[in-house]
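Quick note: numbers below take in every heavy atom, side chains included, and nothing from hydrogens, waters or symmetry partners.
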Amino acid sequence: MPVEPSRAPPEAILSARRRFFSGAPVAEDALAQPILRSWTRCAARGLPFAGVPRAEPLTERELAAQRERHEALRRLCRPALEPLHAAARAADSIVILTDPDGLVLDTVGSVDFADRAAKVALRPGVSWSEAATGTNAIGTALVERRAVEVRGAEHYAEAHGILTCAAAPIHDPFGALVGLIDLSGPAAAEQLHALALVELAVEQVEHRMFEGAFPGGNLVRFHADPSFLGTVREGILVFDEYRLVAANRPGLALLGLGWDALTARRFGDLFEGSLGRPGEARRVRTSRGDMVMRLERQGAPAVPARSPARAVIPAAPVREEAAAPRPVVADGPCFDPASEKDLGRAIRLMTAGVPVLIQGETGVGKEVFARQMHRRGPRAGQPFAAVNCAALPEGLIESELFGYEEGAFTGARRAGFKGVLREADGGVLFLDEIGDMPLSLQSRLLRVLQEREVTPLGGGRAVPVDFALVCASHRDLKGLVEQGAFRADLYFRIAQYTVALPTVRSLADREALVDRLWVQTGAGTAEVPVLSTECRAALAAHDWPGNFRQLVGVLRVLQALAEPGERVDVDALPADIRPAVPLPARAVAALPMTGGDLGTVTRAAMDAALAACGGNVSEAARRLGIHRSTLHRHLAARAPRGH
């Protein structure tokens with residue numbers, strides 16, 4: 001297990017706290033460096049340290065949506081959370097799982113302490129990002145991208161001094177942050193080895209990510225000590241042919257590498273000799289000494305594989321007829337083979353410093369495509385900074401992008417704000433809907449791209465920046481250039497390579513697409529409901545003007561309304577998607593031809609349909625093109641009332 005770091009005694013922390021918040025200098029050895037760095041960041045943001053930080057929890061519906069979005073992560077982590085809590089049960093603690101942004105998804109543990117923790121908003125649905133709540137193990141570990149322990153008064157907010165927390169981020173095989181595990185308890189209780197326990201739980205989760213996630217890939221397990229093979233401490237590398245495409249953290253550490261080695265190194269750069277035969281354990285020489293290596297080739301699975309870029313999600317069973325094309329992400333849009341090739345080219349060009357422009361209608365997955373470029377590229381371990389140029393008021397776009405100095409304008413934060421361009425330094429900058437950027441800012445952005453430095457509002461020195469640029473727009477930028485609404489020089493700077501993502505209606509096998517997305521949206525449920533042949537055909541035939549976003553939304557509605565294992569028929573579809581099914585001639589003939597009001601005619605139509613279908617509610621609803629619950633309400637209203 002990792003060695004526990006030495007900590008300053010409580011009285012030394014309180015002394016350092018008084019000095020820091022009074023503006024006096026704090027000796028570097030007075031606090032753990034991650035804590036001091038975090039305090040400095042929080043002060044620069046102008047966060048208050050007195051009182052209880054304002055927490056705005058998600059609504060139940062919003063939390064349910066976030067849990068659904070991260071259900072695969074939750075499912076993967078569950079086997080690690082319970083043992084972690086059992087190991088720390090004596091300390092009256094709770095185990096917490098968060099998403100990559102610090103939003104609490106689940107808690108497991110002491111009910112008594114959970115009640116006390118809830119008073120400081122340590123509960124599901126609340127963000128514990130450092131920017132929202134100040135120095136804390138969850139938010140600070142995500143910023144530092146490493147395991148962090150925060151005890152008592154080391155928290156930035158005084159109210160959080162009742163807590164002692166240890167947290168470690170979870171990385172996928174491409175170095176992207178996908179979540180975090182935290183162990184929190186009362187500050188008064190001794191939390192022995194909490195950090196080591198959390199890190200071990202995270203190692204177990206990350207180790208499981210490689211199980212069956214790279215079909216057809218060359219997966220190498222290695223360690224200097226052969227007894228570690230098969231454990232969470234073994235190194236794991238994945239090679240596509242001989243190119244390194246994925247790894248776990250122990251594997252990179254054993255070779256002295258970072259995440260930037262992915263796609264940049266080949267087998268021969270790391271080991272002497274060849275990959276060898278599958279299953280064979282043999283000694284190989286590396287620059288850091290001899291290792292014992294075992295090669296395994298993960299065979300092609302019986303079900304279609306998802307992209308290993310989301311290897312955190314174990315594959316769900318898929319019906320054989322839904323086998324192609326394979327999706328790039330398991331909880332979002334599925335890219336067709338042409339877009340898969342475009343993704344590979346875009347990653348290579350981004351690696352070479354060439355800006356990429358993604359074009360496509362709303363909902364086709366432009367941001368998902370950009371995030372895949374980041375996760376599967378050499379900058380996966382660095383920030384992904386995104387801003388929607390259409391979502392911000394014009395007066396805020398400039399400050400959001402370029403940042404500002406203290407006092408730059410009324411309402412500016414104390415100590416200023418870094419800005420998205422500087423937050424992207426070292427990573428990827430994603431400018432969504434760049435076609436909506438005001439002309440006045442386009443010239444400033446062009447200058448940044450040319451000079452590779454940012455000058456914040458309110459003056460100050462220019463700051464060098466290094467980021468890969470990815471832009472997106474649903475608008476025709478060429479047309480905007482011709483109209484004078486978009487600068488030609490900026491267009492040619494950002495559109496050196498353009499990817500046009502297809503619409504759902506243009507895809508060839510939409511029924512297979514519906515099947516795959518249906519399984520994905522139902523992942524984690526006890527028994528996924530079954531789509532009828534008619535319902536699948538109706539979903540595939542729809543135009544989907546909102547593309548993947550609209551289609552996935554409808555599938556989630558159907559999943560939420562259906563019972564486990566239930567057959568979902570056309571009558572369950574929303575009215576604007578459900579195909580119109582005419583009544584048979586005898587049912588039409590049975591309708592009253594009187595000039596009654598709409599309600600009378602509607603009730604007569606339902607009665608006629610029920611009569612034509614022999615009282616079969618589902619069939620009558622299908623023929624009328626309405627949901628069967630509407631007919632049930634009609635029947636209930638028609639039934640005689642009891643006395």
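- Going from atom CZ of Arg556 over to atom CZ of Arg69 covers 9.0 Å, rounded to the nearest 0.5 Å.
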Test side-chain hydrogen bond (donor to acceptor under 3.5 Å, both in side chains) on His374 and Gln382 and set out the steps.
-> CA-CA 9 Å; His374 172 244; Gln382 300 302 319; over 6 Å; no
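- You'll find the ring centres of Tyr156 and Phe21 inside the 6.0 Å limit.
- Between Ala346 and Phe369, the closest heavy-atom pair is CB-CE2, 4.1 Å.
- Between the side chain of Arg17 and the backbone N or O of Glu154 there is no donor-acceptor pair closer than 3.5 Å.
- In this structure the side chain of Thr164 never reaches within 4.5 angstrom of the side chain of Ser93, judged on heavy atoms.
- Classification of Asp106 and Arg74 as a salt-bridged pair holds, one side-chain N sitting under 4.0 Å from a carboxylate O.
- Arg371 and Glu367 are joined by a salt bridge, as a carboxylate oxygen and a charged side-chain nitrogen come within less than 4.0 angstrom of each other.
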Take Leu431 and Leu469 through the test side chain to side chain contact (heavy atoms under 4.5 Å, CB included) and record every step on the way to the result.
-> CA-CA 8 Å; Leu431 297 179; Leu469 180 65; 4.2 Å; yes
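- In this structure the side chain of Leu244 never reaches within 4.5 angstrom of the side chain of Val238, judged on heavy atoms.
- Contact detail for Leu421 and Phe467: the closest heavy-atom pair is O-CD2, 3.8 Å.
- Ile96 has its side chain out of reach of Ile181: every pair of non-hydrogen atoms, C-beta onward, lies at least 4.5 Å apart.
- Between Glu234 and His223 the shortest heavy-atom distance is CA-CD2, 4.2 Å.
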Begin with the C-alpha distance, continue with both residues' side-chain angles, and end with the deciding distance and a verdict on salt bridge (charged side-chain N to carboxylate O under 4.0 Å, His left out) for Asp466 and Arg379.
-> CA-CA 11 Å; Asp466 168 39; Arg379 295 177 182 253; 3.3 Å; yes
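- The backbone N or O of Leu76 sits less than 3.5 Å from a side-chain atom of Arg208, completing a donor-acceptor pair.
- Arg375 and Ala380 make their closest contact through O-CB, 3.4 Å (heavy atoms, listed as atom of the first residue, atom of the second, distance).
- The pair Arg37-Glu144 counts as a salt bridge, with a side-chain nitrogen and a carboxylate oxygen less than 4.0 angstrom apart.
- Remark: side-chain polar atoms of Asp172 are paired, donor with acceptor, to backbone N or O of Phe174 under 3.5 angstrom.
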Step by step, work out the side chain to side chain contact (heavy atoms under 4.5 Å, CB included) result for Ile434 and Leu445.
-> CA-CA 11 Å; Ile434 192 171; Leu445 175 62; 4.0 Å; yes
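- Side chains of Leu103 and Leu58 form a contact here, defined as non-hydrogen atoms less than 4.5 Å apart.
- A distance of 8.0 Å separates CG of Leu270 from OG of Ser287, quoted to the nearest 0.5 Å.
- Phe214 is not listed as a side-chain neighbour of Met209, based on a closest heavy-atom distance of 4.5 Å or more.
- Residues meeting the side-chain contact (heavy atoms from CB on, under 4.5 Å) test with Ala27, sequence neighbours left out: Asp29, Ala30.
- Residues Pro355 and Met350 are not in side-chain contact: their nearest non-hydrogen atoms beyond the backbone lie 4.5 Å or more apart.
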Please step through side chain to side chain contact (heavy atoms under 4.5 Å, CB included) for the pair Val245 and Leu262, ending with a clear verdict.
-> CA-CA 5 Å; Val245 295; Leu262 301 186; over 6 Å; no
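- For residues 132-141, the pairs satisfying side-chain hydrogen bond (donor to acceptor under 3.5 Å, both in side chains) are Ser38-Thr135, Ser38-Thr140, Glu130-Thr140, Thr133-Asn136, with sequence neighbours left out.
- The CG atom of Leu257 lies 8.0 Å from the CZ atom of Arg288; values are rounded to the nearest 0.5 Å.
- Taking both residues in full, the closest heavy atoms of Val205 and Ala80 are given as CG2-CB, 3.8 Å, listed atom of the first, atom of the second, then distance.
- Atom OG1 of Thr107 and atom CZ of Arg123 lie 11.0 Å apart (nearest 0.5 Å).
- Although no hydrogens or angles enter the test, the distance criterion places no donor-acceptor pair under 3.5 Å between the side chain of Arg422 and the main chain of Val463.
- Taking a 6.0 Å sphere around CD of Glu11, one finds it holds more than 12 heavy atoms contributed by other residues, nucleotides or ligands.
- Looking at heavy atoms from C-beta onward, Val420 lies in side-chain contact with Leu429 at the 4.5 angstrom threshold.
- Remark: aromatic rings of His155 and Trp39 are distant, center separation not under 6.0 Å.
- Here Glu199 contributes atom CD and Arg146 contributes atom CZ; the two are 9.0 Å apart, rounded to the nearest 0.5 Å.
- Salt bridge Glu149/Arg151: present, at least one basic N to carboxylate O contact under 4.0 Å.
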Please step through side chain to side chain contact (heavy atoms under 4.5 Å, CB included) for the pair Phe222 and Leu255, ending with a clear verdict.
-> CA-CA 10 Å; Phe222 69 101; Leu255 297 174; 3.9 Å; yes
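- No salt bridge links Asp425 with Arg452; every basic N to acidic carboxylate O contact stays at or beyond 4.0 Å.
- Distance CD1/Ile170 to CG/Leu73: 5.5 Å, rounded to 0.5 Å.
- Distance alone, capped at 3.5 Å, is enough to place a donor-acceptor pair between the His207 side chain and the Thr231 backbone.
- In this structure, Gln66 contributes its side chain and Leu63 its backbone to no donor-acceptor pair below 3.5 Å.
- No side-chain donor-acceptor contact under 3.5 Å links Glu433 to the backbone of Asn388.
- Taking each heavy atom of Met437 and Cys389 in turn, the nearest pair found is CE-SG, 3.8 Å.
- Ionic pairing of Arg78 and Glu71 is present here: one or more N-O contacts between side-chain nitrogen and carboxylate oxygen are shorter than 4.0 angstrom.
- Contact annotation: the side chain of Lys366 approaches that of Ile358 to within less than 4.5 Å [non-hydrogen atoms, C-beta and beyond].
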